[in-house]
Amino acid sequence: MHSNFNTFLFSLINDGAGYYTVLDFIFVLLTSYIMYTVFFVLAVYIGIYTPLKMPKGPLRQQSLLRAIEITVALVSTFVITKIIKIAIAHPRPFEVFADVTVLAPIQGGTSFPSGHSSLTMALATAMYFYYPRLGKLLFAFAFVVGLSRIFVGVHYPLDVGAGMLLGYIVAKGIHTLLKFVKIAPDPKKG
């Protein structure tokens, strides 16, 4: 986990922390509050608003199936990420190196893979199947959230990359499985 390139890249990104108050504020906001706000807003939109605006019948059912698929992708990603974190138990950068600038309010824990990165990528991937334009924005958002985790000093680049890969694989795998068993909703309907 501590390859020279991984720690070099971490230092390169984290060394910018603590110098520009506005940049620090933006990255802390992204990693601590904006991510959760995006998840909440999308949960309300996809899980409540969209199904309720559809007429009763197949369109509403399609909308609910989308919401369920996205939820299953996120919950599965969360559980798998936690299992890997427990199994690997890799310390966070600030627990290993003394010269890390930590901006996020975090005490410790495990670093690999990044839960924020895996969840934002799973969300982007799952949303992309049914809402491609929004999905593209969420892919960019996932990248920025991952970068913020390195900047605030709580993850290595490898943690973020592995989290993103994990989130993508889980969401894509669930979508593929549901299509295979003919449960996935039709992206063209509703």
Side-chain angles (χ1 to χ4, degrees), residues 22-23 25-85 104-106 113-152 154-155 159-190:
V22 173
L23 192 60
F25 176 75
I26 289 169
F27 275 118
V28 168
L29 202 61
L30 263 168
T31 200
S32 300
Y33 303 105
I34 293 176
M35 183 187 126
Y36 298 113
T37 303
V38 167
F39 272 75
F40 177 76
V41 168
L42 287 175
V44 169
Y45 178 75
I46 300 301
I48 299 170
Y49 174 76
T50 303
L52 289 179
K53 78 173 188 172
M54 296 291 172
K56 289 184 179 179
L59 291 178
R60 184 174 288 181
Q61 183 181 13
Q62 290 284 318
S63 186
L64 287 169
L65 285 173
R66 283 187 199 131
I68 290 168
E69 179 183 330
I70 293 165
T71 302
V72 168
L74 290 172
V75 170
S76 299
T77 300
F78 178 81
V79 169
I80 293 168
T81 300
K82 286 294 183 190
I83 290 169
I84 294 170
K85 280 180 171 284
I106 194 163
S114 166
H116 283 66
S117 296
S118 66
L119 287 172
T120 53
M121 184 56 78
L123 177 65
T125 304
M127 292 290 286
Y128 181 78
F129 298 125
Y130 302 108
Y131 308 93
R133 283 185 288 179
L134 181 56
K136 288 176 187 175
L137 288 173
L138 289 170
F139 281 124
F141 180 68
F143 176 79
V144 172
V145 167
L147 181 63
S148 77
R149 301 302 287 169
I150 302 166
F151 186 85
V152 301
V154 297
H155 283 293
D159 303 338
V160 168
M164 288 182 165
L165 182 62
L166 177 65
Y168 174 80
I169 289 171
V170 171
K172 175 74 171 158
I174 287 170
H175 181 71
T176 303
L177 177 67
L178 292 177
K179 275 179 61 176
F180 179 74
V181 296
K182 305 214 186 311
I183 295 175
D186 185 351
K188 295 176 181 73
K189 291 184 181 174

* To do: Flag yes if more than 12 heavy atoms outside Phe141 fall under 6.0 Å of its CZ atom; otherwise flag no.
  => yes

* Report yes or no: does His116 contribute a side-chain atom to a donor-acceptor pair with the main-chain N or O of Val145 at less than 3.5 Å? => no

* From Ile26 atom CD1 to Thr31 atom OG1, the distance as rounded to the nearest 0.5 Å -> 13.5 Å

* **Heavy-atom check, side chain of Leu134 versus side chain of Leu42, under 4.5 Å** => yes

* Asked: About how many Å separate NZ of Lys136 and CE of Met127, when rounded to the nearest 0.5 Å?
  -> 14.0 Å

* To do: Would you please test Phe151 and Leu30 for side chain to side chain contact (heavy atoms under 4.5 Å, CB included) and show each step?
  => CA-CA 11 Å; Phe151 186 85; Leu30 263 168; over 6 Å; no

* Point-to-point distance, once rounded to the nearest 0.5 Å, from NE2 of His175 to CD1 of Ile70 -> 10.5 Å

* Kindly check if the number of other-residue, nucleotide or ligand heavy atoms within 6.0 Å of OH (Tyr128) is above 12? => no

* Taking every non-hydrogen atom, the tightest pair across Met54 and Ser63 -> CG-CB, 4.2 Å

* Which value, rounded to the nearest 0.5 Å, describes the distance between Leu64 atom CG and Leu59 atom CG? -> 11.0 Å

* To do: Taking atom CZ of Phe39 as the centre, report whether more than 12 heavy atoms of other residues, nucleotides or ligands fall under 6.0 Å from it.
  => yes

* Output, in order, the C-alpha distance, side-chain angles, deciding distance and verdict of side chain to side chain contact (heavy atoms under 4.5 Å, CB included) for Thr120 and Leu138. => CA-CA 7 Å; Thr120 53; Leu138 289 170; over 6 Å; no

* Looking at Lys172 and Thr125, what are the two nearest heavy atoms and their distance? -> N-CG2, 4.0 Å

* Identify which one of Asp159, Thr81, Thr77 satisfies the side chain to side chain donor-acceptor pair (under 3.5 Å) criterion when paired with Ser118. => Thr81

* If you measure from CD1 on Ile84 to CG on Leu166, what distance do you get to the nearest 0.5 Å? -> 5.0 Å

* **Least distance between heavy atoms, Arg149 atom then Ser114 atom** => CG-OG, 4.2 Å

* Heavy-atom closest contact (Tyr168 atom, Met121 atom, distance) -> N-CG, 3.7 Å

* Structure fact -> Heavy-atom nearest pair, Tyr131 first then Thr50, reads OH-CG2, 4.0 Å

* To do: To the nearest 0.5 Å, tell me how far Tyr33 OH sits from Thr37 OG1.
  => 10.0 Å

* Asked: Are Leu74 and Leu119 side-chain neighbours, meaning at least one heavy-atom pair lies under 4.5 Å?
  -> yes

* To do: Answer whether the closest heavy-atom distance between the side chains of Tyr130 and Gln62 falls below 4.5 Å.
  => no

* Asked: What heavy-atom pair brings Phe143 and Met164 nearest, and what distance separates the two atoms?
  -> CA-CE, 3.3 Å

